[in-house]
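A short worksheet on the structure shown next.
Numbered from 1 within each chain, the chains take letters A, B, ... in sequence-line order. Treat the numbers as computed from the prediction; the structure is a model and nothing was measured.
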Protein chains: 4
Amino acid sequence: MAAPDRRTRILDAAEGLFAADGFDATPTARVAEAADVPKGLVFYYFPRKIDLLLTLLQERLPTPTPDILAGVIRRGDPAGSLLAMHRRLGLEDHDSLMLRTVIFRESGTHPEVRSHLRQLRRSLVELTEAALDQAVEWTVARTLRRQAAETFVSVMLDHANAHRAGGALPDVSGAAAVVALAVGAPRPASG
Amino acid sequence: MAAPDRRTRILDAAEGLFAADGFDATPTARVAEAADVPKGLVFYYFPRKIDLLLTLLQERLPTPTPDILAGVIRRGDPAGSLLAMHRRLGLEDHDSLMLRTVIFRESGTHPEVRSHLRQLRRSLVELTEAALDQAVEWTVARTLRRQAAETFVSVMLDHANAHRAGGALPDVSGAAAVVALAVGAPRPASG
Amino acid sequence: MAAPDRRTRILDAAEGLFAADGFDATPTARVAEAADVPKGLVFYYFPRKIDLLLTLLQERLPTPTPDILAGVIRRGDPAGSLLAMHRRLGLEDHDSLMLRTVIFRESGTHPEVRSHLRQLRRSLVELTEAALDQAVEWTVARTLRRQAAETFVSVMLDHANAHRAGGALPDVSGAAAVVALAVGAPRPASG
Amino acid sequence: MAAPDRRTRILDAAEGLFAADGFDATPTARVAEAADVPKGLVFYYFPRKIDLLLTLLQERLPTPTPDILAGVIRRGDPAGSLLAMHRRLGLEDHDSLMLRTVIFRESGTHPEVRSHLRQLRRSLVELTEAALDQAVEWTVARTLRRQAAETFVSVMLDHANAHRAGGALPDVSGAAAVVALAVGAPRPASG
DNA sequence: AATGAATGAGCTTTCATTCAT
DNA sequence: GATGAATGAAAGCTCATTCAT
């Protein structure tokens, strides 16, 4: 594995710093410093600062596709399946989670970022619907399935978003259980 | 109705601009301009820029208390009750919704803001639990009730947060239905 | 002893703060705060900030007069006498020493302060000449006496000035010995 | 002699302005203007204003070393030798005299400057001791030599300091005579 | 292709001074 | 006589961006 080229090093540095400190709070000079490249090179590859963020979104925030569900769905266990999907989404690529945090924060200020967020939400909903479909052994009404998926996606995004905000993280596994019940999973013995 | 004093005008201006453009992206000079006061006056009342935000949080973001549930809960209709609660929280005071958006975005960058966000989440969870309690006519396990409440709070916060991000808003009413089902509401005729 | 009036309290506060932090680095607001008076009152009594300093010099930096030599001169012991004089100058009024430090620093920037410094030096020289006169039992040439006095005054001022600058203080007692030798004091047994 | 580079021009301008008006009273903008460079360039080379002063001290205030005594000491004439040394210290490099004035004034306010002042005093004392050693043809007690040196250094520093304060300069040549007498120079015929 | 010196607009903040009451 | 809200000029500093080399 050769040393990453300098363009890649710049993107690596930007990804980490944007996630940690925020886009606005990160001077391009610090990106260059963290990437150990001359300052001019950053602007050679990315003429405007926003291009750093845009490139990150395009190259490093792939739309999650249904194939990541392979192996994580346990038929008959929707709650466990949703949780496993969430884990796969987040753990497979920790930085992309951070990047999602960034787009949340910047989507208001930088219109170019919005469509990425919209699309991310849309494909997460589709992914979750697919996961539910594969996990339940009974039939779920189309509308309910959509609502359940959207609910879980909100929790996942809130989780990602709250991650940096610090403090009590929302309980994803609880939400998985709630959603599973809603789509008809058998109610466990009272606890 | 007397003209609001100048300190109030400054806070009004800051609230609107912070919500619209973000805290960091709003120069104090523009706050002064929007409030139609000289630049120096902003710093007379709020020595540091962050004090503007902090004051906004303290004076304008009251912790939601259980009494706002009065009159919105319909016993036997948890979904409708949650939705009504959400409407009351958000619509009664449109600006506070914007303010919540702000603290979401700034809580990562400005540590002083975090505790406000944490506390907001905590009291929203308690409020939602109380709403569920009053709305259901049967018994809900303590753990499930908490999970259901946290799920709905995530959706509400995600909704507030996504508001500015633009695009598809998460469907709060769907989430209310999902949560209601999870706590045992009767399943409607299939759709 | 009645509580000092407010004008006095302002001067007290200014004296301490100017000596400790410097004239330029002390905002009038902090003077008011330290004096526990409203900010407007400072400017009521002292229309310009510099008037605070000027008043301090006029009212609190009395020209040292020969009468302070009374009781400190030991005839036949010029070194001891100079040292005692220095002690009397400094200890009698500790704040005035600090004030001298201030005028040193400000005399360059504020022309009004210069004449005070000049006059201080002049009267110190005269005082030291008088002290030498009274302390020696033999005749000292007029020119030498003047040179000896100026030398000792330089050391005293350097001492006052270095006081705040921190670090190794010049050795006033050594200078007293040197000056005494120069005007003919008997050389001690070799050491 | 090529035109000095812009960094040098900035330091030149700062040196003159700091000496003339004081560090605090000199805006960086005026330094830039005097150096005929854009304002941003000052901060490009010297990120904080204090770095201008610190750099000046490091690059332009060399510790005086014993070799500057070469050729100025006249054996048998300590007074003349001290005076020549003083002249060499001050006149050889007029700007460094101004710089010394600056550090005197700023050493109270800017702690980073103190050590420079301490070190300057220390090495001046050592230099003066060496000068006395080489100038006298007889033996001087170690303690007396140190006291004599410190006395003369105080006079030199007071002289440098008083320079800007305006008005009567202390008489360095008189002090040289006094110190010479103290260390045993033959007393001239009465004057 | 690559660089780093250079730039200037714009930011937050400070504070002596004014003045209506 | 007293006051404290009000003001605005000016300060130090940041930084995206440009461009000669």
**Report entry** Nucleotide pairing, DNA chain F (Watson-Crick or G-U, distances under 3.5 Å), in dot-bracket with [ ] and |
**Finding:** .||||||||||||||||||||
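One finds the OG1 atom of C:Thr26 at 4.5 Å from the CG atom of C:Asp21 (value rounded to the nearest 0.5 Å). Rounding to the nearest 0.5 angstrom, the gap separating the CD1 atom in A:Ile10 from the OG1 atom in A:Thr55 is 10.5 Å. Rounding to the nearest 0.5 Å places CG of A:Leu56 at 11.5 Å from CG of A:Asp51.
Rounded to whole angstrom, the span from the CG atom of D:Asp24 across to the P atom of E:dC15 amounts to 11 Å. For the pair D:Arg7 CZ and E:dG4 P, the interatomic distance rounds to 17 Å; values are reported in whole Å. In this entry the distance linking CG of A:Leu53 with P of F:dA16 reads 13 Å, nearest Å. If you measure from atom CZ of A:Phe23 to atom P of F:dA16, you get 8 Å, rounded to the nearest angstrom. When rounded to the nearest whole Å, the span between CD of D:Glu33 and P of E:dG8 equals 14 Å.
Side chain of A:Pro27, nearest nucleotide from F:dA16, E:dT3, F:dG12: F:dA16.
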Query raised in the report: Stepwise, does the salt bridge (Lys or Arg N to Asp or Glu O under 4.0 Å) test hold for D:Asp12 with D:Arg60?
Result: CA-CA 10 Å; D:Asp12 289 344; D:Arg60 303 202 172 181; 2.8 Å; yes
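Taking every heavy atom of both residues into account, A:Ala14 and A:Leu52 meet most closely at CB-CD2, 4.1 Å. Between A:Ala34 and A:Ala13, the shortest heavy-atom contact is CB-CB, 3.8 Å.
Remark: B:Lys39 fails to qualify as a cation-pi partner of B:Tyr44 under the 6.0 Å distance and 45° angle criteria applied to the six-membered ring. Relative to the ring axis of A:Phe23, A:Lys49 places its NZ or CZ within 45° and under 6.0 Å from the centre.
Less than 4.0 Å separates DNA chain F from at least one heavy atom of each of the following residues of residues 39-50 of chain B: B:Lys39, B:Gly40, B:Leu41, B:Tyr44, B:Tyr45.
In this structure, B:Asp36 does not pair ionically with B:Arg6, as no charged nitrogen and carboxylate oxygen lie closer than 4.0 Å.
The side chain of B:Arg30 contributes no N or O atom lying less than 4.0 Å from OP1 or OP2 of E:dT12.
Comparing B:Arg6 and A:Thr28 by the nucleotide of DNA chain F that holds the closest heavy atom to each, the one mapping nearer the 5' end is B:Arg6.
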